[in-house]
Protein chains: 2
Amino acid sequence: MAISKNKLKYIRSLRQKKFRQKYNKFIAEGDKLSLEILQSERINIELLVGVEEWVEQYRPLLRKCEETIVVSERELKQMSALQTPNQVLVVADIPTNTIDEAIVQSDWSLYLETIQDPGNIGTILRIADWFGIQHVFCSPDTADIFNSKVIQSTMGAFLRTRIVRITFEDLQHRFPDVPSYGAVLRGKSIYKQKLPSNGILVMGNESKGIPAAMQAQLSGLITIPPHRASGMESLNVGVATGIICAALRNQVGK
Amino acid sequence: MAISKNKLKYIRSLRQKKFRQKYNKFIAEGDKLSLEILQSERINIELLVGVEEWVEQYRPLLRKCEETIVVSERELKQMSALQTPNQVLVVADIPTNTIDEAIVQSDWSLYLETIQDPGNIGTILRIADWFGIQHVFCSPDTADIFNSKVIQSTMGAFLRTRIVRITFEDLQHRFPDVPSYGAVLRGKSIYKQKLPSNGILVMGNESKGIPAAMQAQLSGLITIPPHRASGMESLNVGVATGIICAALRNQVGK
């Protein structure tokens, strides 16, 4: 066997948040995502594990990996969290994202308040990336960004976004002049107001939304107006984030 | 045991598309969704299976069920497709949705071209419902709407939407004067054109998009403009549907 039992155990342990935190590492899988990480200057790769064909094809790119191990498909399956592993897996350092104050002061950022579903977080990171929103702040109890479901569903968006875990109180304390808007069911229509060119858009928990105490601290409460015939109670939080970001980007102009 | 083995087997068989088609039935689970179905005039309920407490509480509503069976929580778990069954499950007739020609002529409709992920279909039905889009047409190879994952994720939106499986060719043949627009990566920005007040919005497959041959038959190709700094290749199809529907609804006015 080309990979030691200890290493296999180590890789599998990173599926759990406590071990990701202990080692400050995360896993990304598959051809496309691994190539993106290899080409990202921000991410240090500790270990790349791949089938021979893949490793041979990308040999020149692998210099930045501290270690490369060639394995069989059967071995890859043993360490993969995917149903169908795809040629390669990397173990990389969780990047330290810093806040770029000038950008937060002048542009829109997102604040995720207790978002729980990894799929929703992945979707939101893709939206941030699409609309060039550079900062995604997360409440301490928002699900882990480096959960493998999030990483696999972001399609590399996490590499281009500054994801910073911070309490909303600390964020407001640091940026007292940046207005904050919460997406709620009974706010002012996003299409019936002129929103500023900078701000923090707060998106709340999938079932509970934004807590009342937090709503009271925001500069404004905004809503995606439902159609008069609508029977729905809410949109999915990823969809709502997309609609509001699209409106912000195409109102403030470029 | 309060429920026969045959009935249990029948209920469990409905998780498979071939049996849903054979019996023309689907399953919906849980307190909230079951109540919505009970209150919908469009849906005939063949069988309601619930724990005693739930059945007693809603007894007056249960007259419309052909049969009601009280079961233990353990029995409910045996037939449920959910990890944590929630008090009640209904077996109902798959509704026959007809096309309201006047609405298709005068309003926007959706056409789903080979959408594969049940979660995406559920999200899109919620969007249609939110924005009052009454018709959701599906290509023959779009995933089954009555798949339990779709039903559970739509949160009742499927009760208020006319979902009709039809080839795009037949749809165009039936509505030759209704313009059709496809969401693609390199089309004209939805914010830089005046779209009509009626039309068919075509959303394509998660990875392949809209086939070239089909694109050639459309009235126009439209795009959600990415931010200049965007590194992404695409948005999730549910998010893209939400953004375009929001733009359509808030451009054409109400």
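Numbers restart at 1 for each chain; the letters A, B, ... are given by sequence-line order, proteins then strands. Heavy-atom basis, side chains included; hydrogens, waters and symmetry copies ignored.
- Listed by chain and residue number, nothing satisfies the ring pair (Phe, Tyr, Trp, His ring centres under 6.0 Å) test with B:Tyr191 (two or more places apart in sequence, or in another chain).
- Residues of residues 236-244 of chain B having a heavy atom under 4.5 Å from any heavy atom of chain A, listed by number: B:Asn236, B:Gly238, B:Val239, B:Gly242, B:Ile243.
- Counting non-hydrogen atoms of neighbouring residues, nucleotides and ligands closer than 6.0 angstrom, the CD atom of A:Glu53 reaches no more than 12 such neighbours.
- Put simply, NZ on B:Lys192 and CG on A:Asn250 are 8.5 Å apart, with the number rounded to the nearest 0.5 Å.
- For the pair A:Trp130 and B:Ile224, the tightest heavy-atom approach, listed with the atom from each and the gap, is CZ2-O, 3.0 Å.
- Distance check: B:His227 NE2 to A:Ile133 CD1 gives 8.5 Å after rounding to the nearest 0.5 Å.
- Take B:Phe175 and apply the ring pair (Phe, Tyr, Trp, His ring centres under 6.0 Å) test, not counting sequence neighbours, and it matches no residue.
- Legend: residues meeting side-chain hydrogen bond (donor to acceptor under 3.5 Å, both in side chains) with B:Lys32, ordered by chain and number and at least two apart, are A:Glu233.
- Around the CD atom of B:Gln39, the shell of radius 6.0 Å holds more than 12 heavy atoms that belong to other residues, nucleotides or ligands.
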